[in-house]
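Every value quoted in this text rests on a predicted model; they were computed, and no experiment measured them. Indexing begins at 1, ligand by ligand and atom by atom, following the structure's order.
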Amino acid sequence: MTADTELHARNGHVLSEPLASIDTFDHTYKEQEGPKPPTEIVWRNVILMTFLHTGALYGFLLVPSASYMTLLWSGVCFVVSALGVTAGAHRLWSHRTYKASLPLRIFLGLANSMAFQNDVFEWARDHRVHHKYSETDADPHNAVRGFFFAHIGWLMVRKHPDVIEKGRKLELNDLKADKVVMFQRKYYKSSVVVMCFLMPMLVPWYLWGESLWVAYFVPALLRYTLVLNATWLVNSAAHMWGNRPYDTSINPRENKFVTFSAIGEGFHNYHHTFPYDYATSEYGCKLNLTTCFIDLMCFLGLATDRKRASREIVQARVQRTGDASIRSG
Ligand code: ST9
Ligand code: ZN
Ligand code: ZN
């Protein structure tokens, strides 16, 4: 049985409809990879990333001088911006693993601007190419090119032409039809200034008198950099280190540290095997704050149609391509 014809469960009911092909791995491309073009470094990005990480390091040194309220606020900003990526750009907009009402999509769009990781359209487009052409030249953060490239290096060089060529052939009409996605793309720069920098900084200054200096370096810069690195670890660490219970032929792995830091996105062998599963893991809410959040949104009537891989499908797949001896309970 191919991934395209596997049955899958939606809201607990097993359906026989074929899976959408938006994120199904394309096995035919790898053999067609051509000679590697020279790497073209984008020095502007190298300099900006160096400044950002230096500022974050300084922010880390300022942590003891921040008030408890400011630290708590930094944690809130971390979780909200992380959800904008995990529940928003990733599970909703890249993979369509559930449906979200307009108020929830507006919240996720704003939270996503707080994470400042490119607009949702660009993020989802790159992520769909990543799943379809994983570990090839057409994968924007191809982990075969090493930890540094997969983690941050890919943001400091021009993209491999195959990323753009393959990306242009992707189905993106669902994103173009989503008014929240298009609105966020149109006003992306100003939304980032407000959500990623001004709001995290001005709330502690206005409400409990934190100094603007600390408020800029801790909840804004340090928190932003931590969310970035937690996200990038999914591309680097979770494509290199960990178990492969579901498919031993692919690189993505189950990585506990990444699961913790990326609020539930470290079950990466499972996720690449069943990308349509809203929980990104067979264990539901366990160690998975994002899944808890989506469940809560469903409980409140703000989300519906959670897709799930059934136990039988997971079991059959483990027998066919995985390693049952390392599948934890
Ligand atoms: C950031 C993104 O950090 C992080 C994404 C991580 C993904 C992780 C996934 C893991 C799973 C989920 C887990 C979540 C966990 C979260 C945990 C949270 C605690 N298809 O890009 P350009 C075309 S961003 C089709 O400039 P260059 C297109 O026409 C950080 N077409 O390419 C485009 O124009 P437009 C902050 C494509 O020149 C044109 O090419 N941001 C595609 O090679 C030019 O595109 C930065 O650092 C495609 N895939 O430049 C900015 N791609 O877009 C970094 C491109 O207008 N980016 N085209 O349609 C850049 O500066 C540049 O992109 C570049 C490449 C220098 C890297
Ligand atoms: Zn994904
Ligand atoms: Zn991946």
Exercise for the section: Record the part of His127 in heavy-atom contact with ligand 1 below 4.0 Å; permitted values are side chain, backbone, both and neither. Expected result: side chain
Handout entry: Nearest candidate to atom 56 (O) of ligand 1, where distance is taken over non-hydrogen atoms, out of Arg185, Glu265, Glu122, His239
Key = Arg185
Fill in the blank from the handout: protein heavy-atom neighbour closest to atom 29 (O) of ligand 1 works out as Arg168 NH2, 3.2 Å
Handout entry: atom 3 (O) of ligand 1: the protein heavy-atom neighbour that sits closest, reported with distance to 0.1 Å
Key = Trp232 NE1, 2.9 Å
Completion exercise
atom 51 (C) of ligand 1 sits nearest the protein heavy atom Asn118 OD1, 3.7 Å
Problem - Test: Asp137 and Lys166 ion pair at under 4.0 Å - result: no
Exercise for the section: Verify side chain to side chain donor-acceptor pair (under 3.5 Å) between Gln315 and Arg327, making sure each step is shown before the conclusion. Expected result: CA-CA 10 Å; Gln315 187 67 36; Arg327 184 171 165 219; 2.9 Å; yes
Practice task
List every atom of ligand 1 that sits less than 4.0 Å from any heavy atom of Arg158, numbering the atoms from 1 in the order shown and giving each element.
Solution key: 27 (P), 38 (O), 43 (O), 50 (O)
Completion exercise
The closest protein heavy-atom partner of atom 57 (N) of ligand 1 is Asn45 ND2, 4.0 Å
Handout entry: Residue pair Ser113 / Cys196: nearest heavy atoms and the distance that separates them
Key = O-CB, 3.7 Å
Exercise for the section: Considering only NZ, NE, NH1 and NH2 on the basic side and carboxylate oxygens on the acidic side, decide whether Glu265 and Arg91 come within less than 4.0 Å. Expected result: yes
Handout entry: N/O/S atom of His95 inside 2.8 Å of the Zn ion (ligand 2), strictly under
Key = yes
Exercise for the section: Would you please determine whether Leu155 falls within less than 4.0 Å of ligand 1 on a heavy-atom basis? Expected result: yes
Handout entry: Three-point angle His127:NE2, the Zn ion (ligand 2), His90:NE2, rounded to the nearest 10°
Key = 90°
Exercise for the section: Could you tell me whether Phe147 and Trp241 have their ring centroids closer than 6.0 angstrom? Expected result: yes
Exercise for the section: Indicate if the distance from the Zn ion (ligand 3) to the nearest N, O or S atom of His131 falls below 2.8 Å. Expected result: no
Exercise for the section: For Met49, counting its heavy atoms only, list the atoms of ligand 1 lying under 4.0 Å from any of them. Expected result: 47 (O)
Handout entry: atom 14 (C) of ligand 1: the protein heavy-atom neighbour that sits closest, reported with distance to 0.1 Å
Key = Val85 CG1, 3.8 Å
Fill in the blank from the handout: Per residue His271, nearest N, O or S atom to the Zn ion (ligand 2) is named NE2
Exercise for the section: Show which atoms of ligand 1 fall inside a sub-4.0 Å distance from at least one heavy-atom site of Asn235. Expected result: 6 (C), 7 (C), 8 (C), 9 (C), 10 (C)
Fill in the blank from the handout: Among non-hydrogen protein atoms, atom 52 (N) of ligand 1 lies closest to Lys159 NZ, 3.0 Å
Fill in the blank from the handout: So for Ile263 against ligand 1, with non-hydrogen atoms under 4.0 Å, the contacting part is neither
Practice task
Pull out every atom of ligand 1 sitting under 4.0 Å from any heavy atom of Ser261, numbered as shown with elements.
Solution key: 19 (C)
Practice task
Mark the output for His151 as yes if a heavy-atom distance to ligand 1 is under 4.0 Å, and as no if none is.
Solution key: no
Exercise for the section: Among all protein heavy atoms, pick the one closest to atom 53 (O) of ligand 1 and tell me residue, atom and distance. Expected result: Arg125 NH2, 2.9 Å
Exercise for the section: Could you tell me whether Val129 approaches ligand 1 through its side chain, its backbone, both or neither, with non-hydrogen atoms closer than 4.0 Å? Expected result: side chain
Handout entry: Whether Val157 lies under 4.0 Å from ligand 1, heavy atom
Key = yes
Handout entry: atom 16 (C) of ligand 1 [closest protein heavy-atom partner, distance rounded to 0.1 Å]
Key = Thr231 OG1, 3.4 Å
Exercise for the section: Look only at the side chain of Arg308 and the backbone of Glu282, and say whether a donor-acceptor pair between them is shorter than 3.5 Å. Expected result: yes
Handout entry: Sub-4.0 Å heavy-atom approach of Ser94 to ligand 1
Key = no
Problem - Ring centroid separation His141 to His239 under 6.0 Å - result: no
